[in-house]
Number of protein chains: 2
Amino acid sequence: MAMQAAGTDRPATIHDIAAICGVAASTVSRALSTPDRVNIRTRARIEAAAAELNYTPNSQAKALSSGRTGAVGVLVPDITNPFYFDLIRGTQLQLKAAGYTQLLVDTEESDEVEASTMEQLRKSADGIIVAASRLSDESLLASAAKIPMVTINRDVAGVPAVVIDTPSATTQALDHLISLGHTRIAYMAGPLTSQSSTLRWTALAAAAEDRGVEVRRLGPFAPKTQSGAAAADAAVHSGVTACIAFNDLIAIGMLQRLRERGIRVPADMSVVGCDDIFGADFCNPPLTTMASPIEQAGRVAVSMLLAQLNPLAGGGSRSRSLMPTHLTVRGSTGAAPVAL
Amino acid sequence: MAMQAAGTDRPATIHDIAAICGVAASTVSRALSTPDRVNIRTRARIEAAAAELNYTPNSQAKALSSGRTGAVGVLVPDITNPFYFDLIRGTQLQLKAAGYTQLLVDTEESDEVEASTMEQLRKSADGIIVAASRLSDESLLASAAKIPMVTINRDVAGVPAVVIDTPSATTQALDHLISLGHTRIAYMAGPLTSQSSTLRWTALAAAAEDRGVEVRRLGPFAPKTQSGAAAADAAVHSGVTACIAFNDLIAIGMLQRLRERGIRVPADMSVVGCDDIFGADFCNPPLTTMASPIEQAGRVAVSMLLAQLNPLAGGGSRSRSLMPTHLTVRGSTGAAPVAL
DNA sequence: CAACCGATGACAACCGATTGCCAAACGATT
DNA sequence: AATCGTTTGGCAATCGGTTGTCATCGGTTG
């Protein structure tokens, strides 16, 4: 709102302010960061000058001397996977609200890129949030020892985590399919290094055994729509009447392939996805899927990380947060075809 | 590959290396950044020590003293818009290849957030890439004077830009619709502050006049699928038989709404989108849309920015880059309904 | 043999902030 | 008026590098 004089070309520093107010630079620093340490009158002068000069602290310098960078790294395996859209937005919003900057990195589904990124971030970030890590438990633990970390969808003892409870949703999905009369069901697995995929399969297999139906595991398939073609063919070939895919990308890809092959969904084959990503509601047919509060998961992860960074007296920070999920039924699931 | 001794808890600095090699810290700095300035033998010793200590330079310190941060800000209006995901991936890949870090910021379609972010980035980034800026020409120019900048889909004299040539694609879309017999066509406009939307409309209106068909402008509509409902209703109400939407999100939203209302696509209404985002190929019906090389646009933007940052003798950097587009015809367009 | 030269490496200032420590100033108490 | 405690603000070191300047050294040239 202040009438801003044409700024000099160089951003103002605390020294500029100090010169104007006739105080030492350290006093300016104190006035701005430890207001109680300085007389209220000088503080007012300094604040006025700061506003006048449109002063903003240099984050590099601040980072160098204080040791904290005000940045948080967010690592995702594949930035073009819509699942991460909402996650990233969640982290971004929450980080910005807390005055932090988000360093987004696409690790390209590679454990090496992930590891080297972490090493680099160790100096340029105060903490990191790692979604769907492809690293081994040991590597993850080792990294977590060096820099505050929160994982998402990756549960390792000793590392705070936000876990989206898709495993329990698979049970809902299974019951949904069973209620529709399906008895031969397949699980289209995700990457072998994905803990989520493993957990979903474990939960699903247990529930299947419990209910006395057959669920076979097919794959692994890369979490991309392109893999859906192979997944669809594998499902058809295996003779199942319904499948639960590791995620929506694979499921959507399957839908496309099944359509190409003239296999009707859900009349001939039911498909269940996971995550309820962008597109799950408008694909053809709309996808029955396990919906997760993804953006919220991102926010929670940030909160947990910040709690770790600024251990306030108030709240002991949780080290684990389980996000509830539920099955969203749409058009891709239906009654099992009548046996011939 | 080196047998890494258990690292000390604190990352190594050039002083550590200097101590080991018995040289001054400045020599270490030169050996690493200006290899020619130092004897090849000492350089070798220093490099060996650096490798041994697993040394990585502290980016904050480097930034502070050298004035360059090694980071580039990427501003997008809405991080959850799939259009930007390919863009972000393009910038991310190219930046990483050049050794830069990407600072991704979602400006929430707000000019204020955009402006304040730029001001902040001015100190913590070497340059910025602004996609679909919502700022005025003046503000943009003013900011570009303070920090190297490349815009995407925003053409302002004096600011290097990557422009995806969707306006000319609208002509293709129009001809496509005309060839199908449509004569009453609508353009579903995007945000008023979106230059892309304006340019598309201008090109479309000109082409329409040239061809003697009627194209009316409806909207504006927010670039989200939710806005598609209003857009669909507006289109139906206006009595057109085909529409060209500002982008795929609106188009996909329209598809959903039209389906709800029992209006068949393309039998009763043809719909053309723009961008060919994730989902355009598997919505129902698949969307005819103007495809853009989005990821490539991101890469080009980065290249242009880096050329600006490191003005090599070799190539004069282009200040404008036009990315070609083409119409991808799918199922959402068809022959005009027979007039009653 | 003296003058000269390029290569090499050390010194020190600096980037912009933070922070421990100390001293001046001030008011209050006895 | 002397003492004491508390504010308040300055000095200077520090973070980890970069870079301008200068001294030194070995070798070459006239």
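Just so you know, these numbers come straight off a predicted model, no measurement behind them. Reminder, nothing fancy here: chain letters follow the sequence lines and each chain counts from 1.
Of the candidates C:dG9, D:dG16, C:dA17, the closest approach to any side-chain atom of B:T27 belongs to C:dG9. Nearest to the side chain of A:T13, among C:dA17, D:dG16, D:dG10, sits C:dA17. The side chain of B:P57 has D:dG17 as its nearest neighbour among D:dG17, D:dG16, C:dA17. Set against C:dG9, C:dA10, C:dA17, the side chain of B:A24 has C:dA10 as its closest nucleotide.
Within the 4.0 angstrom heavy-atom criterion, base atoms lie near A:S29. Note on B:T34: nothing from the nucleic acid sits closer than 4.0 angstrom, heavy atoms only.
In this structure, CD1 in B:I46 is found 15.0 Å from CD in B:E52, a value given to the nearest 0.5 Å.
Neither side chain, A:Q60 nor B:T69, offers a donor N or O lying under 3.5 Å from an acceptor on the other. A donor atom on one side chain and an acceptor atom on the other are not found under 3.5 Å apart for B:T56 and A:Q120.
Under 3.5 Å, the side chain of B:R37 and the base of D:dG20 form no donor-acceptor pair of N or O atoms. Judged by distance alone with a 3.5 Å cut-off, a donor-acceptor contact links the side chain of B:S26 to the base of C:dC11.
Atom-to-atom, CD1 of A:I40 to C1' of D:dG9 comes out at 16 Å; the value is rounded to the nearest Å. Rounded to whole Å, atom C1' of D:dT18 lies 12 Å from atom CZ of B:R68. Look at CZ on A:R30: it is 15 Å from C1' on C:dG16, rounded to the nearest Å. Rounded to a whole Å, the CG atom of A:N39 is 9 Å from the C1' atom of D:dT7. The distance from atom CD1 of B:I17 to atom C1' of D:dG17 is 12 Å, rounded to the nearest whole Å. The interatomic distance linking B:I46 (CD1) with C:dA10 (C1') rounds to 12 Å, in whole Å. Rounded to a whole Å, the NE2 atom of A:H15 is 11 Å from the P atom of D:dC11. Rounded to whole Å, the distance from CG on A:D36 to P on D:dT8 is 9 Å.
Between B:R134 and B:P191 the shortest heavy-atom distance is NH2-CG, 3.8 Å. Between A:A12 and A:Y55 the shortest heavy-atom distance is O-CD1, 3.4 Å.
Side-chain atoms of A:D111 do not come within 3.5 Å of backbone N or O of A:L135 as any donor-acceptor pair. In this structure, the side chain of B:R154 engages the main chain of B:S133 through a donor-acceptor pair within 3.5 Å. Here the side chain of A:Q102 pairs no donor or acceptor atom with the backbone of A:V74 at under 3.5 angstrom.
For B:T42, no side-chain nitrogen or oxygen approaches OP1 or OP2 of C:dT8 to under 4.0 Å.
When each of B:T56 and A:A25 is assigned the nucleotide of DNA chain D with its nearest heavy atom, A:A25 is the one assigned upstream, toward the 5' end.
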Worksheet item: Dot-bracket, DNA chain D: Watson-Crick or G-U, under 3.5 angstrom, [ ] crossing, | other strand?
Response: ||||||||||||||||||||||||||||||
